[in-house]
Amino acid sequence: MANASSVRYWPSSAAIVESSNDAIISTNLDGTIATWNRAAVTIFGYRPDEVIGRPVFLLAAPGREDEMPLILDQIKRGQRIQHYETVRRHKNGRQVTISLTVSPIRADNGRIVGASKIARDITERKQAEAELRRLNETLEQRIAERTAELEERTRKLQAEIVERQRADVRLQELQSELFHATRVNAAGQMAGALAHELNQPLAAAINFIRAAQRQLATGSRDEIETLPGVMDEAAGEVLRAGQIIRRLRDFVRRGETGRRIESVVTMVEEASTLALTGAGVCGVQVRYNFDPSAMRVLADRIQIEQVLVNLMRNAIEAMADSPRRELVMRTALLDAETVEIAVGDSGPGVADEVAAHLFKPFVSTKARGMGLGLSICRSIVKSHGGRLRSEPNPGGGMIFRFTLAAVPERG
């Protein structure tokens, strides 16, 4: 229990009520206002002399007139209302949002004689909450709109990607058709020369077989003992003819193309078999200079052999009237990732004005050329991630160089 001296300095309940920031109002059971503190003046705008003795219902907001009688009925039954959020009317007519706590006031004998109301102004808080909700709803709406927009853009982008993929597939199909057509055309141009080339081993095989027949006819033991060698010679010539046919068949075949690890030497030799045939190559000296560190590449063998055949035949045709006819095939490892293959000739070279457009379609140095060969060659090399270029040969003629992806030798 507090002593007398401490009680002397304890403020009275009236002082506490008057200094509170919450409106504290008391009414009797019929709603007549009995007390009205300073905070009530601030919150509702009425002075004490304007409201004391008047019904508290004057604070009812429009549409809430039935609320106060219901609250008083609860108080009469001894019930208490805590932190009830509602709206009241200010003197100037504006609405004030409050948090309301109502408790019964009891006489000394315990009988309920009135109601004590504590009202806290939460208008600004509610406005802030409403503004926050509005901003949140706006944000959610914008997010939804932006999400819908992004989804639509994503859908369109996916559709474009699918369409582009289809176009790429079609382009690859058309490119493959073009490459195949040029190989067939090249094979047609080589047909006469190949027929002559095949005639030689087949004629030789026939001669060897007839010789064997004559030896058998003599019945001489010495002659018969030489037959295995003669037959081996005949078989070798037939195999050589078969090899030429096989390489021509592979060259013009249509089918799935794919890049694999290929031998540079093998591709050059197989292309040479096709390109260096016929009377047109008579008198052409061919030199091979293979770099031992540039032996393997990642390539489509048929397409790269198509490039080699085209470049080699162009070189042979360019040297047709040259006194010195030298074809040089050279390979080099430019760096750890790049192999270069060069085809050089000793022909008359190409005029500067033609060289500037040499790889464009329908540009040709031949009287009957279509001007597609070098353009297709460049497309093939470019599709391999490489580059095809030309330059004058210091000793006369031209050098065509192209690059492919190197494959390191297994250690």
Side-chain angles (χ1 to χ4, degrees), residues 1-140:
M1 180 179 292
N3 56 37
S5 61
S6 63
V7 172
R8 188 167 54 245
Y9 295 103
W10 190 262
S12 66
S13 59
I16 294 174
V17 169
E18 194 63 23
S19 63
S20 174
N21 291 326
D22 296 333
I24 300 177
I25 305 166
S26 64
T27 67
N28 58 25
L29 292 180
D30 64 3
T32 302
I33 298 172
T35 62
W36 186 267
N37 74 342
R38 186 180 302 167
V41 176
T42 303
I43 294 173
F44 298 111
Y46 292 98
R47 298 190 309 274
D49 60 310
E50 294 178 303
V51 292
I52 292 177
R54 297 180 62 186
V56 74
F57 308 123
L58 62 87
L59 300 178
R64 293 179 180 264
E65 293 82 359
D66 296 336
E67 188 177 279
M68 289 186 177
L70 293 175
I71 291 174
L72 284 174
D73 286 343
Q74 290 178 272
I75 295 300
K76 291 174 183 178
R77 293 194 297 269
Q79 298 176 358
R80 191 169 185 267
I81 297 170
Q82 289 186 321
H83 308 300
Y84 172 63
E85 293 185 1
T86 184
V87 178
R88 294 290 181 260
R89 189 177 66 85
H90 190 274
K91 180 182 178 180
N92 62 13
R94 66 180 175 84
Q95 294 190 350
V96 180
T97 305
I98 62 172
S99 175
L100 182 65
T101 297
V102 185
S103 304
I105 299 176
R106 297 178 184 273
D108 293 341
N109 59 5
R111 185 170 59 88
I112 297 174
V113 296
S116 172
K117 302 181 180 183
I118 301 175
R120 176 168 295 176
D121 188 354
I122 58 172
T123 303
E124 291 184 0
R125 192 190 81 189
K126 286 298 183 181
Q127 288 175 345
E129 291 176 355
E131 179 64 15
L132 185 61
R133 283 194 302 271
R134 186 189 67 80
L135 291 174
N136 186 57
E137 290 171 358
T138 302
L139 180 61
E140 289 178 351

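By convention here, the first residue in the shown sequence is residue 1. Worth knowing before you read on, the calculation uses all heavy atoms, side chains too, and leaves out hydrogens, waters and symmetry mates. Nothing here was measured: the structure is a model prediction, and the numbers come from that model.
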- Query: Would you call Arg77 and Pro104 a side-chain contact if the rule is heavy atoms closer than 4.5 Å?
  - Reply: no
- Give the C-alpha distance, both sets of side-chain angles, the deciding distance and a yes or no for side-chain contact (heavy atoms from CB on, under 4.5 Å) between Leu100 and Arg88. CA-CA 10 Å; Leu100 182 65; Arg88 294 290 181 260; 3.8 Å; yes
- Query: How long is the gap from CD on Gln74 to OH on Tyr84, to the nearest 0.5 Å?
  - Reply: 9.0 Å
- Please name the pair of heavy atoms, one in Val96 and one in Asp121, separated by the smallest distance, quoted to 0.1 Å. CG1-OD1, 3.6 Å
- Measure the CD-CD1 distance between Gln82 and Ile118 for me, rounded to the nearest 0.5 Å. 10.0 Å
- Item | Lys/Arg N to Asp/Glu carboxylate O, Arg134 vs Glu137, below 4.0 Å | no
- Task: Identify the heavy atoms of His83 and Ser99 that sit nearest to each other, and give their distance.
- Result: CA-OG, 3.6 Å
- Query: When you look at CD of Glu131, are more than 12 heavy atoms from neighbouring residues, nucleotides or ligands closer to it than 6.0 Å?
  - Reply: yes
Scan the side chains in residues 15-26 for donor-acceptor partners under 3.5 Å anywhere in the protein, sequence neighbours excluded, and list what turns up.
from	atom 1	to	atom 2	distance (Å)
Glu18	OE2	Arg38	N	3.4
Ser19	OG	Ala15	O	3.0
Ser19	OG	Ile16	O	3.1
Ser20	OG	Asp22	N	3.0
Ser20	OG	Asp22	O	3.4
Asp22	OD1	Arg120	NE	3.0
Asp22	OD2	Arg120	NE	3.4
Asp22	OD2	Arg120	NH2	2.9
Ser26	OG	Thr35	N	3.2
Ser26	OG	Thr35	OG1	2.4

- Arg64 side, atom CZ; Leu59 side, atom CG - distance, nearest 0.5 Å: 13.5 Å
- Message: To the nearest 0.5 Å, what is the distance between CZ on Arg133 and CD on Glu140?
- Response: 12.5 Å
- Under the side-chain contact (heavy atoms from CB on, under 4.5 Å) rule, what do Phe57 and Leu72 come out as? Steps first, then yes or no, please. CA-CA 11 Å; Phe57 308 123; Leu72 284 174; 3.9 Å; yes
- Item | Considering all heavy atoms, the nearest Ile75-Gly114 contact | CG2-O, 3.7 Å
- What pairs with Asn37 under side chain to side chain donor-acceptor pair (under 3.5 Å), at least two apart in sequence or on another chain? none
- Item | More than 12 heavy atoms of other groups within 6.0 Å of Asn136 CG | yes
- Message: With side-chain contact (heavy atoms from CB on, under 4.5 Å) as the criterion, how do Gln127 and Thr97 come out once you've worked through the C-alpha distance, each side chain's angles and the decisive distance to 0.1 Å?
- Response: CA-CA 9 Å; Gln127 288 175 345; Thr97 305; over 6 Å; no
- Message: Can you pull out every side-chain hydrogen bond (donor to acceptor under 3.5 Å, both in side chains) where at least one residue sits in residues 100-113? Sequence neighbours excluded, please.
- Response: Arg80-Ser103
- Item | Pairwise distance NZ(Lys126) to CD1(Ile98) - rounded to 0.5 angstrom | 12.0 Å
- Item | From CG (Leu29) to CG (Asp73), nearest 0.5 Å | 10.0 Å
- Task: Taking all non-hydrogen atoms of both residues into account, name the closest pair between Ala115 and Val102 and its distance.
- Result: CB-CG1, 4.2 Å
- Note on the structure: Looking only at heavy atoms, the pair that brings Lys117 and Thr27 closest together is CE-OG1, 4.3 Å
- Note on the structure: On a heavy-atom basis, the closest approach of Val51 and Tyr46 is CG1-CB, 3.3 Å
